[in-house]
2 protein chains.
Amino acid sequence: MKYVFTIGMFSKINRITTKTLRHYDEIGLLKPEHVDEFTGYRYYTTSQLVDLHKILTLKQMGLSLNDIKEVLENPKAIDLFLKLKEEDVLRTIEAEKAKLLQIRSYLSCREGEYEKMYTPIIKELPEVIVASMRQVVENYGVFFHLCPNVMAKEMERLGCVCAVPEYCFNIYHDGEYKEKDIDVEICEAVTEMKEDSDILKFKKIDKVPSAVCVLHKGPYERLGEAYAFVFNWIKENNYEVLDHPRESYIDGIWNKESAEDWLTELQVPVRLKVD
Amino acid sequence: MKYVFTIGMFSKINRITTKTLRHYDEIGLLKPEHVDEFTGYRYYTTSQLVDLHKILTLKQMGLSLNDIKEVLENPKAIDLFLKLKEEDVLRTIEAEKAKLLQIRSYLSCREGEYEKMYTPIIKELPEVIVASMRQVVENYGVFFHLCPNVMAKEMERLGCVCAVPEYCFNIYHDGEYKEKDIDVEICEAVTEMKEDSDILKFKKIDKVPSAVCVLHKGPYERLGEAYAFVFNWIKENNYEVLDHPRESYIDGIWNKESAEDWLTELQVPVRLKVD
DNA sequence: GATTGACATTCCCCTTAGGGTAAAGTTTAT
DNA sequence: ATAAACTTTACCCTAAGGGGAATGTCAATC
């Protein structure tokens, strides 16, 4: 075996490209033992093999070249880097498993329906201050009358300023579906707390770390489909419901003429089920 | 709720950055509904919400923006993309699990020994044509005499040309460790097959898809440590041995004076155990 | 009407770990 | 001497945006 290898030979021995070797030289990870002063040719020897072996091993474990460089300069740090990487890998595995469930749920959920599928997404819901009005209303018609007429006026009276972006949602407190005497709470995000009045209460709602959200387009009568879908999705993807769902109103009668254009987002606070 | 949102407002509603929205505009993934002709200001409306929701969902499943773009343009392709992605995710999970085992094996294997650790790496061994000489030798001393004197001369006599890079290794055919009467085969990579002679046989060795390799620095008496290490590693990392290990000689007496500088690579063909 | 602060625009460089290509120089073999 | 094989540097490219600078616009206040 010859003493000295050109970059091409060294790359063949180690089954990596010359590009990679030049890159490692450039970032100071693995310098050739000798560089010709005039031609710039790189010459490697077997003494580089041990370092390269270590580099490739650490790379196989998933460390970045920067981390590897630090490890080579300070071998005592290797435990630290590997422990951090271990956690990192565990997180990656969890994330990939979540993707897998989501993909499979999507694939199994429908057979050939391409267009009208709901696409659930996990979002964080930020902390928010709301003005809330909770009532038992006779039916939905009454409710839609109540909202602009009573609530908006009361908010104005108390000097409320709506948050931007606007965020208005309902929470249904009945455990079951009801057509009459619905216990509904309507919340509107505002910039600051005010004195509670008889009909309007203020509260700070904590951040929700993760909520499954789906967009529903169309009239409210078909919201049931969205509910059915999202609860099924939650079960299939191994989540559990943490709180009442929120119905967030984006487009509606105040905005779009046709009920087909109304847009509502369903937001269900969840967490991964701990088995 | 207002009809039209500036980019900042739209970013707040959807909890993504304006950078991201501009990027999506640039690559044609999500165009704002209206762009002011003179100022270039982007204006979004709720009609973008459905598409954006879908984009974010698909992104959460791990699809690239390019793939998402194709899916939006041709919704029927979504099944194909998701199935490919599913396999991709499965591969990623396997790869991450392998990393995890490797990291943990490294961490558990030693307590505070930073320097003299072996660093195993999984490599592919390419297909190779070898001139091989198999004999039962009395002891290692005889063997080291045999190699240059008998084998090299016979190779020269037959007109063999060594492959570049040089690749010379031993295979021990005894199932157990022996000090005497060792059944050893010495192989040297050559460029082409020749007529077999009494002492020299030619054969093509198939590619080995994966082999665990460790570098051993020092005299051959301590090779046992490397063997112990690598077999232990194989067990811990859920691999199984497929073939005889190869001892590949890199630096040795022909090269380096001090036995402490000798370099040998142990290569053990393996595969992941199927449970 | 003028100013100010918040918000918007484009432009350019940066991230990882190299890949691809081009133009020019070097080594080795014929 | 010349051609083939090899090497060098230099420049641009990847995915999904992040950071910042210089500049332009909008809405509200003075």
Side-chain angles (χ1 to χ4, degrees), chain A residues 2 4-44 52 55-70 72 85 88 92 95 99 161 163-165 191, chain B residues 2 4-44 52 55-70 72 81 85 88 92 95 99 161 164-165 191:
Chain A
K2 285 196 219 103
V4 167
F5 310 102
T6 62
I7 197 169
M9 197 50 67
F10 201 64
S11 86
K12 277 178 200 154
I13 291 172
N14 293 289
R15 322 196 60 67
I16 57 179
T17 67
T18 58
K19 266 287 190 203
T20 301
L21 284 169
R22 286 200 195 94
H23 185 58
Y24 289 178
D25 183 7
E26 202 170 338
I27 66 173
L29 187 57
L30 186 75
K31 295 273 180 198
E33 185 161 290
H34 170 243
V35 177
D36 189 291
E37 209 178 333
F38 300 109
T39 67
Y41 274 36
R42 295 169 178 81
Y43 294 101
Y44 294 84
L52 183 56
I55 288 169
L56 296 178
T57 301
L58 294 173
K59 195 150 79 84
Q60 224 168 47
M61 295 186 197
L63 266 67
S64 73
L65 298 188
N66 257 326
D67 289 353
I68 294 174
K69 200 174 160 194
E70 287 198 46
L72 291 184
K85 192 68 203 173
D88 196 42
T92 304
K99 280 185 197 168
V161 180
V164 283
T191 55
Chain B
K2 286 195 216 102
V4 168
F5 310 103
T6 62
I7 196 169
M9 197 52 66
F10 200 63
S11 85
K12 276 179 202 154
I13 291 172
N14 293 289
R15 321 198 60 66
I16 59 180
T17 66
T18 58
K19 271 282 187 200
T20 301
L21 284 170
R22 287 199 194 95
H23 184 58
Y24 290 178
D25 183 7
E26 201 170 339
I27 66 174
L29 187 58
L30 185 75
K31 296 274 183 199
E33 186 162 291
H34 170 244
V35 177
D36 188 291
E37 207 177 333
F38 300 108
T39 68
Y41 274 35
R42 295 169 177 82
Y43 293 101
Y44 295 84
L52 183 56
I55 288 169
L56 296 179
T57 300
L58 294 173
K59 195 150 80 85
Q60 223 169 47
M61 295 187 196
L63 265 68
S64 72
L65 298 188
N66 258 326
D67 289 352
I68 295 173
K69 200 174 158 191
E70 289 198 45
L72 289 185
F81 278 104
K85 192 67 203 173
D88 195 43
T92 304
K99 278 185 199 168
V161 180
V164 283
T191 55

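Letters A, B, ... mirror the listed sequences (proteins, then strands); counts begin at 1.
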Query raised in the report: Does the pair Ile68(B) and Phe81(B) meet the rule for a side-chain contact (heavy atoms from CB on, under 4.5 Å), with working shown?
Result: CA-CA 9 Å; Ile68(B) 295 173; Phe81(B) 278 104; over 6 Å; no

Query raised in the report: What residues form a salt bridge (charged side-chain N to carboxylate O under 4.0 Å, His left out) with Lys99(B), not counting sequence neighbours?
Result: Glu96(B)

Query raised in the report: Taking it one step at a time, do Asp67(B) and Lys85(B) satisfy side-chain contact (heavy atoms from CB on, under 4.5 Å)?
Result: CA-CA 10 Å; Asp67(B) 289 352; Lys85(B) 192 67 203 173; 5.8 Å; no

Query - Test item: Ile7(B) and Pro32(B) side chains (from C-beta on) under 4.5 Å apart, heavy atoms - result: no

Report task. Round to a whole Å and report the spacing from NE2 of His34(A) to P of dT8(D). Result -> 12 Å

If you restrict it to nitrogen or oxygen atoms, what contacts under 3.5 Å exist between nucleotides 27-29 of chain D and the protein, and what is each distance?
none

Query raised in the report: Hey, is Arg22(A) close enough to Asp25(A) for a salt bridge, meaning N to O under 4.0 Å?
Result: no

Query raised in the report: Under a 4.0 Å heavy-atom cut-off, which of residues 36-43 of chain B touch DNA chain D?
Result: Thr39(B), Tyr41(B)

Query - Pairwise side-chain contact, Tyr44(A) with Leu52(A), heavy-atom cut-off 4.5 Å (strictly under) - result: no

Report summary line: When the rotation axes relating C1' atoms of four end pairs to the next four are compared across the helix from dG1(C)-dC30(D) to dT30(C)-dA1(D), five pairs an end, they differ to 10° by 40°

Query raised in the report: Do any of residues 19-30 of chain A sit with a heavy atom less than 4.0 Å from DNA chain D, and if so which?
Result: Lys19(A), Arg22(A)

Query raised in the report: Is there a side-chain contact between Thr6(A) and Tyr43(A) (heavy atoms, below 4.5 Å)?
Result: yes

Report summary line: In the 5' to 3' direction, the nucleotides of DNA chain C bounding the stretch that comes under 4.0 Å of a heavy atom in chain A are dT16(C) to dT27(C)

**Report entry** Any Met9(A) side-chain heavy atom under 4.5 Å of Val164(B) side chain
**Finding:** yes

Query raised in the report: Taking OP1 and OP2 of dG17(D), is either one under 4.0 Å from a side-chain nitrogen or oxygen of Thr17(B)?
Result: no

**Report entry** Rounded distance in Å - CE (Met9(A)) to P (dA5(D))
**Finding:** 14 Å

